[in-house]
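Below: the structure, in structure tokens.
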Amino acid sequence: MVPDPSTPTDASATDREFSAVVSGVLGGLVGAFLSFVPFATVLGGGVAGYLTNGTPREGARAGAIAGFVMFIPVTLVLFFLLFLLGFGGTPAAIGVLGLVVVFFVALYTLGLGALGGYLGASVRTEW
């Protein structure tokens, strides 16, 4: 059976995946730039979801990517502050507590980024 050239192929799925990654990076940069604004992760995820131009599920995926991009500088600053405050030579319990804090910060940024991406894609599809 010969494939019909007018039907979408796997290339369109690859293009959508590429679009989600690029939109996620752009949304993450916007969110990192607006980090002084409350709920900047939702704004960055919303930008990513809006730029994805897909379903809300694809927007949530792009928003999660944006949340990950926003998580990187937050983690670097957090580790720098912990090092600056001298937590390098403290007992292991403090290190475990630091990892728990990093986990919850990751959950916050990824979750709210995905929520913003879902909302951004919903706004794009509804309007």
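When reading the values below, keep in mind they use all heavy atoms of this one structure, side chains included, and skip hydrogens, waters and symmetry mates.
- Across all their heavy atoms, Ala48 and Ser23 have their closest contact at CB-O, 3.3 Å.
- Grouping the Ile, Leu, Val, Met, Phe, Trp and Tyr side chains by contacts below 4.5 angstrom, directly or via other members, places Val22 with Val30.
- Of all the heavy atoms in Thr125 and Gly54, the pair that sits closest is CG2-O, 3.4 Å.
- The heavy-atom pair separating Gly44 from Ala66 by the smallest distance is O-CB, 4.1 Å.
- Neither Phe39 nor Phe36 shares a network with the other; the hydrophobic side chains, linked directly or stepwise wherever heavy atoms of I, L, V, M, F, W or Y lie under 4.5 Å apart, form separate groups for each.
- At least one donor-acceptor pair under 3.5 Å links the side chain of Ser35 to the backbone N or O of Ala32.
- Sparse packing is recorded around OH of Tyr118, with 12 or fewer heavy atoms of other residues, nucleotides or ligands lying under 6.0 Å away.
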Would you list the atom pairs, donor with acceptor, under 3.5 Å between side chains in residues 105-115 and any protein atom, with sequence neighbours excluded?
| residue | atom | partner | partner atom | Å |
| --- | --- | --- | --- | --- |
| Thr109 | OG1 | Val105 | O | 3.2 |
| Thr109 | OG1 | Ala106 | O | 3.2 |

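- Between Ala121 and Gly59, the closest heavy-atom pair is CB-CA, 3.8 Å.
- Here the closest non-hydrogen pair linking Val69 and Pro73 is O-CD, 3.1 Å.
- No continuous path of ILVMFWY side-chain contacts below 4.5 Å connects Ile72 to Val25, so the two sit in separate hydrophobic clusters.
- Pairing each heavy atom of Ala20 with each of Thr52, the nearest pair is CA-OG1, 4.4 Å.
- A donor-acceptor distance shorter than 3.5 angstrom exists from the side chain of Arg124 to the backbone of Tyr50, with no hydrogens or angles considered.
- Leu76 has its side chain out of reach of Phe71: every pair of non-hydrogen atoms, C-beta onward, lies at least 4.5 Å apart.
- Val47 has its side chain out of reach of Leu26: every pair of non-hydrogen atoms, C-beta onward, lies at least 4.5 Å apart.
- When Thr41, Ile65, Leu29 are each tested for a side-chain contact (heavy atoms from CB on, under 4.5 Å) with Met70, only one passes: Thr41.
- At least one donor-acceptor pair under 3.5 Å links the side chain of Glu58 to the backbone N or O of Thr55.
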